[in-house]
Amino acid sequence: MTVIEKAADLTGRILIAGMFVIAGVSKIGTFAGTQGYMASAGVPGALLPAVIALEVLGGIALILGYRTSIVAIALAGFTVVAAFLFHGAPDQMQQTMFMKNLAIAGGLLILASRGSGSWSLDARNTQLSRPGDVLRYP
C-alpha cells in the first residue's frame with residue numbers, strides 16, 4: 001500500500017467522522033432545543049445522550065481507526081434511521097438531506113467492509129500477537 005493510499009484512508013476517515021463529532025458536540029450546546037426537535041418527530045428526547053455518545057465517541061473511534069467495522073456499521077444504521085425519521089418530508093431540502101444521509105451510510109458501509117487502512121489502531125492491533133509486543137512495536 002502506497003503512502004498516498006494510506007493518507008487517503010486516513011483523510012477519508014477524518015472527513016466522514018468529523019461530521020459526526022461536530023454534530024454530537026453541537027447537540028450538547030443545544031440540548032433542550034435538540035430534545036424538542038426529536039420530540040416533534042416522535043423520538044423520545046431521553047435518547048439524546050445516547051445519540052451524542054454515538055456521534056462523538058463513534059466519530060473519534062473512526063478517526064483513530066479503532067474497531068472501524070463495528071463503529072461504521074453502527075453509524076450507518078443510525079444515519080439511515082435519522083434519514084427516515086427526520087428527512088422524509090417531500091420538500092426539496094429534506095429530500096436532499098435524506099439522500100445525503102443515505103450517501104453517508106453508503107460510505108460508512110464501504111469503510112466497514114474495506115477496513116480502516118494501515119494508519120489506524122485496528123492495523124496496529126492486528127500486528128501485535130502477544131501483549132508484550134506493544135512495547136516492542138516500532
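Put simply, CZ on Phe98 and CG on Leu85 are 10.5 Å apart, with the number rounded to the nearest 0.5 Å. Interatomic distance, OH of Tyr66 versus CG of Asn125, reported as 7.5 Å (0.5 Å rounding). Here CZ of Arg124 is found 12.5 Å from CG of Leu64. Values are rounded to the nearest 0.5 Å. One distance of note links CG of Leu15 with CD1 of Ile63; it measures 9.5 Å at 0.5 Å rounding. The line from CE of Met19 to CD of Glu55 is 7.5 Å long, rounded to the nearest 0.5 Å. From Ser120, atom OG reaches atom NZ of Lys6 across 11.0 Å, with rounding to the nearest 0.5 Å.
Clustering ILVMFWY residues whenever any of their side-chain heavy atoms sit less than 4.5 angstrom apart, transitively, puts Leu121 in the very cluster that holds Val56. Residues Ile14 and Val3 share a single hydrophobic cluster, defined by chaining ILVMFWY side chains whose heavy atoms lie under 4.5 Å apart.
Using a 4.5 Å heavy-atom threshold, the side chains of Leu108 and Leu62 count as touching. Side chains of Val51 and Phe78 form a contact here, defined as non-hydrogen atoms less than 4.5 Å apart. You'll find the side chain of Trp119 stays beyond 4.5 Å of the side chain of Thr11, heavy atoms only. Side chains of Leu48 and Tyr37 form no contact here, defined as non-hydrogen atoms less than 4.5 Å apart. With contacts defined as side-chain heavy-atom distances shorter than 4.5 Å, the pair Met38/Phe86 qualifies. Within the 4.5 Å cutoff, side-chain heavy atoms of Leu54 are placed close to those of Leu75.
Between Asp9 and Ser116, the shortest heavy-atom distance links the atoms CB-O, 3.8 Å. The shortest non-hydrogen separation linking Met1 to Glu5 is CA-OE1, 3.3 Å. Nearest heavy atoms, Val21 versus Ile60: CG2-N, 3.8 Å. The minimum heavy-atom distance linking Ile52 with Gly24 is given by the pair CG2-O, 3.8 Å. Counting all heavy atoms, side chain and backbone alike, Ala123 lies closest to Ser118 at CB-O, 3.4 Å. When every heavy atom of Gly59 is checked against every heavy atom of Phe20, the shortest pair comes out as CA-CB, 4.5 Å.
Within 6.0 Å of CZ on Phe31 lie more than 12 heavy atoms contributed by other residues, nucleotides or ligands.
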